[in-house]
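Counting starts at 1 for both ligands and their atoms, following the listed order. FYI, the numbering just counts along the sequence from 1.
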Amino acid sequence: MAITSPLPNEKLDGELPANSSDEVIATAPKHIAVIMDGNGRWAKNKFMPRAFGHKAGVDALRRLVEAVPNFGIKTLSVYAFSTENWRRPTEEVEGLFALLKQFVKSDLARLKANNVKVIIQGRREGLSDEILKLIDIVQDETRNNDKLNLVICFNYGGQAEIIDATKKIATDVKNGNLQIENINENLFQDYLFNREIPNPDLIIRTAGEKRLSNFLLWQSAYSEFVFLDVLWPDFKENDLIIALEEYSSRKRRYGGL
Ligand code: FPP
């Protein structure tokens, strides 16, 4: 594979097989989104509790946040806690909440130093005041950063997002602030959780499952999908390169010819 501008390729080329330099390279994706699956299986393989796998999953996320700007990627979205994850045992749910709190507290200084803008995307309802306050702090303190957008989907579900948008649209129509004829794809997108981030070019799912699991349903309409067998805590820069190589071989037509 070769990667065209705007990728700064020194690092990437250094990771590639020696014979790859003369192959055709595609443009790098601007926005990648990741379904970080396999924490539980990773922990089980080590005869450890699931929480151990989620903790290692945060370390894998930290590595990815450091790596992606070197590949010309401007936005990284990750699926950290879904609206369906409430069905897991209370202990595991609380563990995931504790990890978010810990991540925000312990990584805020480094995220700021690395010029990362953090966006937490999802329903606020159901989250504790303590978590909501931390979310507001991390978003507020990083809002002017512009090297990488890190979108952490937390208490997020694609169907919930579409329902919430529909309710807001219906309310605006009812109150006379919106005409039904003006509802179209662009307007609908403006009512979703986040209106400033472009849709993902590439969605990566680890741990072998080949489904979307209610992640970015609206936004993934024209995304490319890459499924990898690696369990999320084992995900390294080389796995990112494998996904980018696969992406570079795809032809994106957005419904055209
Ligand atoms: C799926 O693996 C993973 C999750 C439900 C949570 C992913 C969360 C993290 C990686 C850490 C959270 C990060 C922050 C910043 C809060 P699984 O547990 O379903 O794995 P399994 O399918 O092997 O059981």
Side-chain angles (χ1 to χ4, degrees), residues 32-68 75-112 114 116-124 126-128 130-139 141-142 148-158 160 193 203-216 227-236 239-240 243:
I32 67 167
V34 184
I35 302 175
M36 309 180 288
D37 195 13
N39 297 345
R41 276 163 279 174
W42 185 89
K44 195 174 175 206
N45 291 345
K46 295 184 159 26
F47 306 101
M48 295 295 281
R50 295 177 59 81
F52 185 70
H54 291 316
K55 196 162 173 291
V58 179
D59 292 336
L61 174 59
R62 287 191 180 103
R63 290 197 296 271
L64 188 61
V65 170
E66 299 268 324
V68 288
T75 300
L76 169 66
S77 294
V78 292
Y79 205 7
F81 186 83
S82 77
T83 43
E84 288 68 42
N85 286 153
W86 288 102
R87 296 184 196 136
R88 294 191 177 201
T90 313
E91 191 188 334
E92 183 168 347
V93 171
E94 284 174 356
L96 287 165
F97 278 58
L99 280 179
L100 178 72
K101 282 191 253 179
Q102 201 191 332
F103 179 77
V104 170
K105 284 181 188 163
S106 65
D107 289 49
L108 180 56
R110 192 155 34 131
L111 292 164
K112 280 161 82 172
N114 288 340
V116 176
K117 176 175 182 168
V118 181
I119 296 164
I120 313 280
Q121 181 166 301
R123 272 187 176 158
R124 288 175 71 91
L127 301 181
S128 69
E130 187 195 4
I131 292 234
L132 290 175
K133 200 168 159 206
L134 279 171
I135 288 175
D136 292 341
I137 289 171
V138 70
Q139 294 194 134
E141 294 203 14
T142 62
L148 175 72
N149 302 310
L150 172 61
V151 183
I152 300 178
C153 295
F154 200 89
N155 200 20
Y156 175 86
F193 286 136
I203 296 182
I204 300 170
R205 181 169 187 149
T206 60
E209 313 290 354
K210 294 181 177 62
R211 54 177 174 260
L212 198 47
S213 299
N214 204 14
F215 188 43
L216 302 179
F227 300 100
L228 301 173
D229 286 334
V230 63
L231 302 178
W232 174 249
D234 287 330
F235 190 94
K236 305 250 165 40
D239 299 296
L240 174 63

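- Applying the 4.0 Å criterion to heavy atoms of V58 picks out, from ligand 1, the atoms 11 (C), 13 (C).
- Looking at ligand 1, you won't find any N or O of Y79 less than 3.5 Å from one of its N or O atoms.
- The residue from A80, A43, A60 that puts a heavy atom closest to atom 8 (C) of ligand 1 is A80.
- Only the side chain of R88 comes within 4.0 Å of ligand 1, counting heavy atoms alone; its backbone N, CA, C and O stay farther away.
- By the 4.5 Å heavy-atom criterion applied to side chains, L240 and F235 are counted as neighbours.
- Residue-ligand proximity, N85 to ligand 1, at heavy-atom distances under 4.0 Å covers atoms 5 (C).
- Relative ring orientation between F154 and F97 is described as perpendicular, the plane-to-plane angle rising above 60° on a 0-90° scale split at 30° and 60°.
- Taking every non-hydrogen atom of G40 and a distance limit under 4.0 Å, the qualifying atoms of ligand 1 come out as 17 (P), 18 (O), 20 (O), 21 (P), 23 (O), 24 (O).
- Distance alone, capped at 3.5 Å, places no donor-acceptor pair between the D234 side chain and the L231 backbone.
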Audit row: Q121, L216, side chain to side chain contact (heavy atoms under 4.5 Å, CB included) steps and yes/no = CA-CA 11 Å; Q121 181 166 301; L216 302 179; 3.7 Å; yes
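- One N or O on the side chain of T206 and one on the backbone of D37 form a donor-acceptor pair closer than 3.5 Å.
- In this structure, atom 4 (C) of ligand 1 lies nearest to the protein heavy atom H54 CE1, 4.0 Å.
- Protein heavy atom closest to atom 3 (C) of ligand 1, with residue, atom name and distance, is M36 O, 3.1 Å.
- Protein heavy atom at the shortest distance from atom 10 (C) of ligand 1 is N39 ND2, 3.3 Å.
- Of all heavy-atom pairs spanning G208 and D229, the tightest one is CA-OD1, 3.6 Å.
- In this structure, K46 is positioned above the aromatic face of W42, its NZ or CZ under 6.0 Å from the six-membered ring centre and within 45° of the axis.
- Here the side chains of I203 and V34 are not in contact, with every heavy-atom distance at 4.5 Å or above.
- Sparse packing is recorded around NZ of K133, with 12 or fewer heavy atoms of other residues, nucleotides or ligands lying under 6.0 Å away.
- Remark: among candidates I35, V34, D37, the nearest residue to atom 2 (O) of ligand 1 is D37, based on non-hydrogen atoms.
- When only interatomic distances are considered, the shortest N/O to N/O separation between R41 and ligand 1 falls below 3.5 Å.
- For the ligand labelled ligand 1, residue A207 lies outside the 4.0 Å heavy-atom shell.
- The shortest separation from a heavy atom of R50 to ligand 1 is under 4.0 Å, placing the residue in contact.
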